[in-house]
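Read the structure below first, then the notes.
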Amino acid sequence: MVLLLEGNALAMISVEEALGKILDFIKVLDKEEKPLLDCLGQVLVEDVYAPFDVPPQDNSAMDGYAVQSKSIAGASYEHPSILTVIGEVAAGWVSDLKLESGTAVRIMTGAFVPYGADVVVPFEDTDEVDRKEASISRTEIGVRVDLPSGSNIRRRGEDIAKGKLVLNGGRLLCPAEIGVLASLGKNMVSVIRRPVVGILATGDEVIEIGQPLQPGKIYNSNSYSLAAQVLSYGGIPRIMGIARDNVEQLTTAIHQGFDCDILVTSGGVSLGDYDVVKKVLAAEGDISFWTVRMKPGKPLAFGTFKRSDGKKIPHLGLPGNPVSSMITLELFARPAIFKMMGRSNLTKPNITAVLEDSIENRDGRRIFARVAVSRKNGEYFARITGPQGSGILTSMMKANGLAVIPENTKLVKPGTVVEVMIFDWEDVDIDEKDK
Ligand code: AMP
Ligand code: MG
């Protein structure tokens, strides 16, 4: 077996250096064309120009009467302008009515404004209800306001003018972008495809969920937390089962993931006797690094597996501890997945919060402490979510962010302002005992 190391892969490197090495290798994936709604969270490939005006015609913003502004000049409640109603137009119907001075057309919201009208008077500014109640003929209508030309009319092309560049290639498709593309009638869209992320658990002690729990064994929670994270980042997780702690089995299992865009393994990267991931990585590809100056997550390996056709598959060897694997996936795989998906912004905005507990940093690593952030009187406060052992997965469940304690800070006292990477604001469940 030959250990192929790029520089000194054994050296402990910083979080930034590790991320830099990963992102240097990662390339943007190819494109796919698919139905509009399936593209949510993906990046548009092509520039989209408006083939027509949106809205396509002047249309009414209210239910009311379309009139000429000059017909209602000076109208008031006491001195209404009485106009002849020449017809009605509902949304979706095209009318050939032509308005002239002294006439009105009853019109519904969204209906195209008939030729000649330049104002829509809302029902409530007419005497329609009074006429109805008094059973007076509605072949005429009294308008009780004087409105300037253009009132309550949505102009043709006011949202999007024909020929305009509406969305640039490279734009992330969020709900509003999906809506705008729909308003242009687009049903199929070209986007950068989602990466397939192979997720392989390792460990002789790990068994699949759904099986009876046996002595000495634990359930494979990592593959599920990691797959759920991958889904939330927009990737396609492929759970590849559990490989036992021997080189042959792990090698076979890893080969089965050679058509993935990135392979993620959990476990088997620390210094224990049975830690075989590094051996397989060394034999089947190149190791870039395997220790990062962070806590949790120090034993994190990155490298590439080489397929027989020469193609290199990036591999993130996450630590086995359930919290460490989730945190390292968030810090390293999320930006990698975003980059593969063509997203330009790979970082999340951090906030600052007042730490309510103290954190000690004994060995000069960057600490990512699980915290529950809440807002009181306009300020954010962060509280540690109970014991911080990297096997305590429920501490992740209670957290909505990670407080970042720099490598060179030995002690953070309560009341100190710290940086917090936020996961999610919703559903933070803080137990009474942790308060
Ligand atoms: P390792 O990195 O393989 O030494 O594993 C570190 C710790 O994480 C051990 O206590 C393992 O039992 C645990 N662990 C490893 N893989 C998994 C998994 N798939 N699900 C839950 N815990 C795991
Ligand atoms: Mg293990």
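Whatever order the structure lists them in is the order used to number ligands and atoms, beginning at 1. All values derive from a computational prediction rather than experimental measurement.
- Using cut-offs of 30° and 60° on the angle between ring planes, the pair Y65 and F123 is perpendicular.
- Atom numbering of ligand 1 starts at 1 in the shown order; those under 4.0 Å from a heavy atom of S221 are 20 (N), 21 (C).
- Distances below 4.0 Å separate heavy atoms of Y219 from the following atoms of ligand 1: 20 (N), 21 (C).
- Counting protein heavy atoms only, atom 4 (O) of ligand 1 is closest to S270 OG, 3.5 Å.
- The contact set between ligand 1 and A201, taken as ligand atoms under 4.0 Å from a residue heavy atom, comprises 19 (N).
- Between G320 and ligand 1, an N or O atom pair is found at a separation short of 3.5 Å.
- A cation-pi arrangement is not found for R307 relative to F305, the charged atom failing to lie both closer than 6.0 Å to the ring centre and inside a 45° cone about the ring normal.
- Polar contact check, S223 against ligand 1: no nitrogen or oxygen pair lies under 3.5 Å apart.
- The nearest protein atom to atom 17 (C) of ligand 1, hydrogens excluded, is given as N222 ND2, 3.2 Å; this is a heavy-atom distance.
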Show your working on side-chain hydrogen bond (donor to acceptor under 3.5 Å, both in side chains) between K217 and Q211 and close with a plain yes or no.
CA-CA 11 Å; K217 307 290 182 190; Q211 309 285 317; over 6 Å; no

Please determine whether side-chain hydrogen bond (donor to acceptor under 3.5 Å, both in side chains) holds for the pair T347 and N345, giving the CA-CA distance in whole Å, both sets of side-chain angles, and the decisive distance to 0.1 Å.
CA-CA 6 Å; T347 52; N345 188 2; 3.1 Å; yes

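- Applying the 4.0 Å criterion to heavy atoms of G267 picks out, from ligand 1, the atoms 1 (P), 2 (O), 3 (O).
- Using a 3.5 Å distance cut-off with no hydrogens or angles, the side chains of H315 and T304 do not pair a donor with an acceptor.
- By the 30° and 60° cut-offs, the orientation of the rings of F25 relative to F302 is perpendicular.
- Contact annotation: for N321 versus ligand 1, heavy atoms closer than 4.0 Å belong to both the backbone and the side chain.
- Looking at atom 12 (O) of ligand 1, its nearest protein heavy atom turns out to be E205 OE2, 2.6 Å.
- In this view, F112 and P56, Q57, N59 satisfy the side-chain contact (heavy atoms from CB on, under 4.5 Å) rule, not counting sequence neighbours.
- Of all the atoms in ligand 1, the ones that sit under 4.0 Å from a non-hydrogen atom of G268 are 1 (P), 2 (O), 3 (O).
- Remark: ligand 1 and I218 share no N or O pair separated by less than 3.5 Å (distance only, no angle test).
- Near T202, meaning under 4.0 Å from any of its heavy atoms, are these atoms of ligand 1: 16 (N).
- N220 OD1, 2.9 Å is the protein heavy atom nearest to atom 19 (N) of ligand 1.
- Within the model, atoms CZ of R106 and CE of M108 stand 4.0 Å from one another, a figure rounded to the nearest 0.5 Å.
- Cation-pi geometry between K162 and F52 is not satisfied (NZ or CZ under 6.0 Å from the ring centre, within 45° of the ring normal).
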